[in-house]
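Each remark here refers to the structure printed beneath this line.
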Amino acid sequence: MRREDLATCISCGLCLNDCPTYRVLGEEADSPRGRIQLIRGLVETEGAPTETTRDHLEACLVCRACETACPSGVPFGRIMEGAREVLREREDGGLGESLGRTALDTVAHRRRLAWFTRLTDLARRVGLLRLSRALGGRIAWAASLAPAREGPSFEGIDRPGATTALFAGCVMREAFGETERATVRVLEIDGETVSVPDEQTCCGALHAHAGEGERARELARYNIDAFAGSDTKIVVNAAGCGAHLKAYGELLAEDPAWADRAKRFAARVRDLSEVVRPRAARASRPLRVVYQDACHLAHGQRIRTQPRALLRAVEGVTLVEIADPERCCGSAGVYNLTHPEIARALQRDKVKAIIAARPDVIVSGNPGCMLQIAAGLKDAGSSARVMHLARFLDDPDAAFR
Ligand code: SF4
Ligand code: SF4
């Protein structure tokens, strides 16, 4: 937590209407300005936070829409991650918190995550997820968001003379294997030689958002080592991971042994849409496509035009815009599981805006948004497909299958 970051807020309130939680909950304490006030109070005292303070800070999506709106350059994502670290340090969360921490850390244990995704897949195939959905309540909501595993997990690739390294991630690698393979194909069509270091792990974004700063820094050091020995760019196909990997320099800035390496690593990171060149792939039938701005691409990395340019270049595609395109869909890492009511309200607004644009396909660069939007569309009776940008560029006709 840097006091100089907190001092950048001049309390002008220009961010309020761009904050999704303020729009849903209508309380100053659930706005960026209100939260910064609470965080200032938190760092000026030393005791345990009040329940009210904790609830308002935990209700933030860390979507960073306030960073886009703010004329004063408030680094809100960094502030909120620091504040949550302070919360974790001062709380005595007991058994519940330690179980939550273990559950969250599943993403950083490849074997545990592989078992979890396979079990979820099995539950889907034998109809258990459908049954859970029929039960209603929180279990039904969680079941609606479970990913369907895209074929086998994605394995490391060791290519001599590689020009690009792929950051494969954790959930992406286990549950979105086809998207990973499509990412490699799309890069290779562009003339890249792609390697995928096997010794990489979860980027740590979920840990950082949850205030598990020490674990997030540990995972960052592990990844920096995994990608050492080359200066090639590191391509990532998940918005949340990309924004976090680009912030490794800040994350390890106070660690003299790692600060320089972390900065150099971060400078190599690129989102897929920043490196792929627009090319004339072709859809065999006309397609109306909505591009869904993931918060950590639009607000976190300022990437808005590149994915749209890639989609426009595909023959047969009509790109259609939706109302309020940069408003969070409510996914936000594990937020949709911890705050289902707010997440559902945001999901409904997003789905309504999408349906009004009458798309055949919704393309996104973030797996969490894809699951959240697909579940919302299904609930609303829409048959529009949700696809990752890599899969769409690799084979636009997959939208018809
Ligand atoms: S990060 Fe998003 S939810 Fe949190 S205060 Fe900023 S705009 Fe609101
Ligand atoms: S975060 Fe930025 S926009 Fe919001 S009140 Fe502070 S200075 Fe103003």
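Computed over heavy atoms, backbone and side chain alike; hydrogens, waters and symmetry mates excluded. Sequence positions, counted from 1, serve as the residue numbers for this chain. Remember, it's 1-based here, ligands and their atoms both numbered in the order they're listed. Bear in mind that the values here come from a model prediction, so they are computed numbers and not experimental data.
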Checking His299 now: which residues fulfil ring-ring contact (aromatic ring centres under 6.0 Å, His included) with it, not counting sequence neighbours?
none
Those residues that, when tested against Tyr335, pass ring-ring contact (aromatic ring centres under 6.0 Å, His included) (two or more places apart)
His339
So which of His56, Gln37, Arg35, Arg33 actually passes side-chain hydrogen bond (donor to acceptor under 3.5 Å, both in side chains) with Glu28?
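Only one of His56, Gln37, Arg35, Arg33 forms a side-chain hydrogen bond (donor to acceptor under 3.5 Å, both in side chains) with Glu28, namely Arg33.
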Only one of Arg391, Glu180, His388 forms a side-chain hydrogen bond (donor to acceptor under 3.5 Å, both in side chains) with Asn237, so which one is it?
Glu180
If you apply the rule salt bridge (charged side-chain N to carboxylate O under 4.0 Å, His left out), what do you find for Asp293 with Arg308, and how did you get there?
CA-CA 10 Å; Asp293 286 282; Arg308 287 180 168 82; 2.6 Å; yes
List ligand 2 atoms under 4.0 Å from [X], heavy atoms only on the residue side.
X     : result
Val74 : 1 (S), 2 (Fe)
Pro71 : 3 (S)
Cys12 : 3 (S), 5 (S), 7 (S), 8 (Fe)

What part of Ile10, side chain from CB on, backbone N/CA/C/O, both or neither, has a heavy atom under 4.0 Å from ligand 2?
both
Within the 4.0 Å heavy-atom cut-off, what Ala69 brings close to ligand 2 is neither
What are the two closest non-hydrogen atoms of [X] and [Y], and how far apart are they?
X      : Y      : answer
Ala168 : Gln200 : N-OE1, 2.9 Å
Leu38  : Ala29  : CD1-O, 4.1 Å
Val62  : Gly77  : CG1-CA, 4.1 Å

Distance filter under 2.8 Å, centred on atom 6 (Fe) of ligand 1 - protein N, O or S atoms that pass it:
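Near atom 6 (Fe) of ligand 1, the protein supplies Cys66 SG.
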Of all protein heavy atoms, the one nearest atom 6 (Fe) of ligand 2 is Cys9 SG, 2.4 Å
How far is atom 2 (Fe) of ligand 2 from its nearest protein heavy atom, and which residue and atom name does that atom have?
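Of every protein heavy atom, Cys70 SG, 2.3 Å lies nearest to atom 2 (Fe) of ligand 2.
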The one among Gly34, Gly13, Ser72 that brings a heavy atom closest to atom 5 (S) of ligand 2
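Selected option, by shortest heavy-atom distance: Gly13.
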Residues which pass side-chain contact (heavy atoms from CB on, under 4.5 Å) with Ala283, listed by chain and number, not counting sequence neighbours:
Leu287, Pro396, Asp397
Output yes when Arg304 and Glu326 qualify as a salt bridge under the 4.0 Å nitrogen-oxygen rule, no when they do not.
yes
